[in-house]
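Below is one structure, written out as structure tokens; the observations come after it.
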Amino acid sequence: MTGRTVWLPTMAIVALLLGLGAPQVQARPLSEVGIWFEINDTDGDAGIQIFLDGEGWDKMKVKDPDGNTILNFKGKGSVGIQGITELFFESAEPSFDEQPLADLLALFPEGTYVFKGMTTDGHSLKGKAMLTHALPAAPLQVFPKDGEDVDPEDAVFEWAPVADPPGSEIVSYHVVVECEEPALRKLEADVGPMVTTLTVAPEVLDGADECKWEVLAIEESGNQTISETEFGID
């Protein structure tokens with residue numbers, strides 16, 4: 001019997017000789033990912049927060065440095081068809097009496113957290129975020145302190161600088177001033193690490209009631225600690 005010659009494409013022969021499979025498709029990067037701790041020193045509680053952003057996806061997993069899946073999200077029905085881009089989540093924040101800070105840190109070890117997902121059209125997504133245990137101290141609110149009155153025409157809010165936590169540094173402060181009566185008024189501002197005052201315009205405070213302000217110290221990996229207090233209007 002005459003043998004039959006089988007012709008293989010050149011690339012297929014090379015792949016067979018080298019033991020290579022089909023070319024691997026590289027995962028697309030998520031545009032932004034993050035994981036950090038938020039501590040409320042005034043309320044005495046803390047939790048974990050996660051943020052991610054990327055092209056429309058319907059599946060997403062997050063794994064901790066030990067390879068454990070800590071978040072497994074799937075969009076279904078109309079959400080799965082339309083796709084998700086941003087996702088922000090805050091954990092529960094039990095008081096330190098219920099869950100000491102050390103217990104929270106033990107649940108979320110330091111290291112690289114891996115985000116893996118799938119776009120609605122079948123492409124892989126991937127991202128990585130570093131979680132640290134570098135926690136800022138609570139900012140000391142200098143003025144106004146609890147119960148102090150503020151003159152709307154001369155409202156300069158002040159806090160003391162926060163020392164850099166070991167192995168990290170304070171990169172910014174986030175300040176929120178909010179009054180609930182007679183209508184909600186809210187001012188938010190981000191300032192650099194060398195700034196410790198914020199001047200609030202009269203229209204935010206004039207004639208207001210039930211006011212509070214908070215300042216967050218934020219270190220370079222994103223961990224943040226909040227101090228908050230109530231104040232009056234002079």
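These numbers come from a predicted model, not from an experiment.
Environment of CD in Glu230: sparse, with no more than 12 heavy atoms of neighbouring residues, nucleotides or ligands closer than 6.0 Å. Within a 6.0 Å radius of CD in Glu158, more than 12 heavy atoms belonging to other residues, nucleotides or ligands are found.
Under the 3.5 Å distance criterion, the side-chain polar atoms of Thr119 are left unmatched by any main-chain donor or acceptor of Gly56. A donor-acceptor pair under 3.5 Å is absent between the side-chain atoms of Ser124 and the main chain of Ala27, judged by distance alone.
Summarising the geometry, atom CD belonging to Gln224 is positioned 9.5 Å from atom CD1 belonging to Ile39; distances are rounded to the nearest 0.5 Å. Rounding to the nearest 0.5 Å places CG of Asp103 at 9.0 Å from CG of Leu101. Between Gln99 atom CD and Leu105 atom CG the span is 9.0 Å, to the nearest 0.5 Å. Rounding to the nearest 0.5 Å places CD of Glu220 at 9.5 Å from CD1 of Ile170. Of the inter-residue distances, the one linking Leu140 atom CG with Asp41 atom CG reads 10.5 Å to the nearest 0.5 angstrom. From Glu93, atom CD reaches atom CD of Glu98 across 12.0 Å, with rounding to the nearest 0.5 Å.
Identified under the disulfide bond (SG atoms under 2.5 Å apart) test for residues 52-115, with sequence neighbours left out: none. Within the structure, every pair that satisfies the side-chain hydrogen bond (donor to acceptor under 3.5 Å, both in side chains) test and touches residues 56-67, not counting sequence neighbours, is listed here: Asp64-Asn68. Pairs of residues two or more places apart, or lying in two chains, never qualify as ring-ring contact (aromatic ring centres under 6.0 Å, His included) while including a residue from residues 94-115. Sorted by first then second residue, the side-chain hydrogen bond (donor to acceptor under 3.5 Å, both in side chains) pairs that include residues 208-218, not counting sequence neighbours, number zero. Residue pairs meeting the disulfide bond (SG atoms under 2.5 Å apart) criterion with at least one partner in residues 176-222, sequence neighbours excluded, are Cys179-Cys211.
If you chain together hydrophobic residues whose side chains sit under 4.5 Å apart, Leu198 and Phe143 fall into the same group. Note on Val162: it does not cluster hydrophobically with Ile226, by side-chain heavy-atom contacts below 4.5 Å among ILVMFWY residues. Connection of Ile70 to Leu131 is established within a shared hydrophobic cluster, with ILVMFWY side chains joined at heavy-atom distances below 4.5 Å, either directly or through further cluster members. Linking ILVMFWY side-chain heavy atoms closer than 4.5 Å, directly or via other members, places Val171 and Tyr173 in two distinct hydrophobic clusters. Residues Val204 and Val176 do not share a hydrophobic cluster, clusters being chains of Ile/Leu/Val/Met/Phe/Trp/Tyr side chains in contact below 4.5 Å.
In the hydrophobic clustering, where aliphatic and aromatic side chains (Ile, Leu, Val, Met, Phe, Trp, Tyr) are joined below 4.5 Å either directly or transitively, Phe51 groups with Trp36, Phe88.
The shortest heavy-atom contact between Phe37 and Thr132 is CE1-O, 3.5 Å. Across all their heavy atoms, Ala155 and Leu205 have their closest contact at CB-CD1, 3.5 Å. The heavy-atom pair separating Lys145 from Thr229 by the smallest distance is C-OG1, 3.8 Å. Contact between Thr225 and Ala137 at its shortest, heavy atoms only, is CB-O, 3.9 Å. Of all heavy-atom pairs between Thr120 and Gly83, the closest is CG2-CA, 3.5 Å. Counting all heavy atoms, side chain and backbone alike, Ala129 lies closest to Gly34 at CB-CA, 3.9 Å.
Annotation: side chain of Met60 is not in contact with side chain of Leu87 (no heavy-atom distance under 4.5 Å). Contact check for Thr112 versus Pro65: no side-chain heavy atoms found under the 4.5 Å cut-off. At least one side-chain heavy atom of Ile84 sits under 4.5 Å from a side-chain heavy atom of Val79. In this structure, Val62 and Thr69 have side chains that are not in contact, with every pair of non-hydrogen atoms separated by 4.5 Å or more. For the pair Asp53 and Ser31, the minimum side-chain heavy-atom distance is below 4.5 Å.
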Residue pair Asp149, Ile233: steps toward the side-chain contact (heavy atoms from CB on, under 4.5 Å) verdict: CA-CA 5 Å; Asp149 288 340; Ile233 301 298; over 6 Å; no

Residues Met118, Leu125; criterion side-chain contact (heavy atoms from CB on, under 4.5 Å); working and verdict: CA-CA 6 Å; Met118 187 72 67; Leu125 293 170; over 6 Å; no

side-chain contact (heavy atoms from CB on, under 4.5 Å) between Lys116 and Val114: does it pass, once the steps are laid out? CA-CA 7 Å; Lys116 289 185 178 181; Val114 177; 4.0 Å; yes

When you look at Lys128 and Leu30, which way does the side-chain contact (heavy atoms from CB on, under 4.5 Å) test go after all the steps? CA-CA 9 Å; Lys128 294 181 180 180; Leu30 287 161; over 6 Å; no

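Ionic pairing of Glu55 and Arg28 is present here: one or more N-O contacts between side-chain nitrogen and carboxylate oxygen are shorter than 4.0 angstrom.
A donor and an acceptor atom, one from each side chain of His174 and Glu188, are located under 3.5 Å apart. Neither side chain, Thr42 nor Ser227, offers a donor N or O lying under 3.5 Å from an acceptor on the other. There is a side-chain donor-acceptor pair under 3.5 Å between Asn223 and Glu219.
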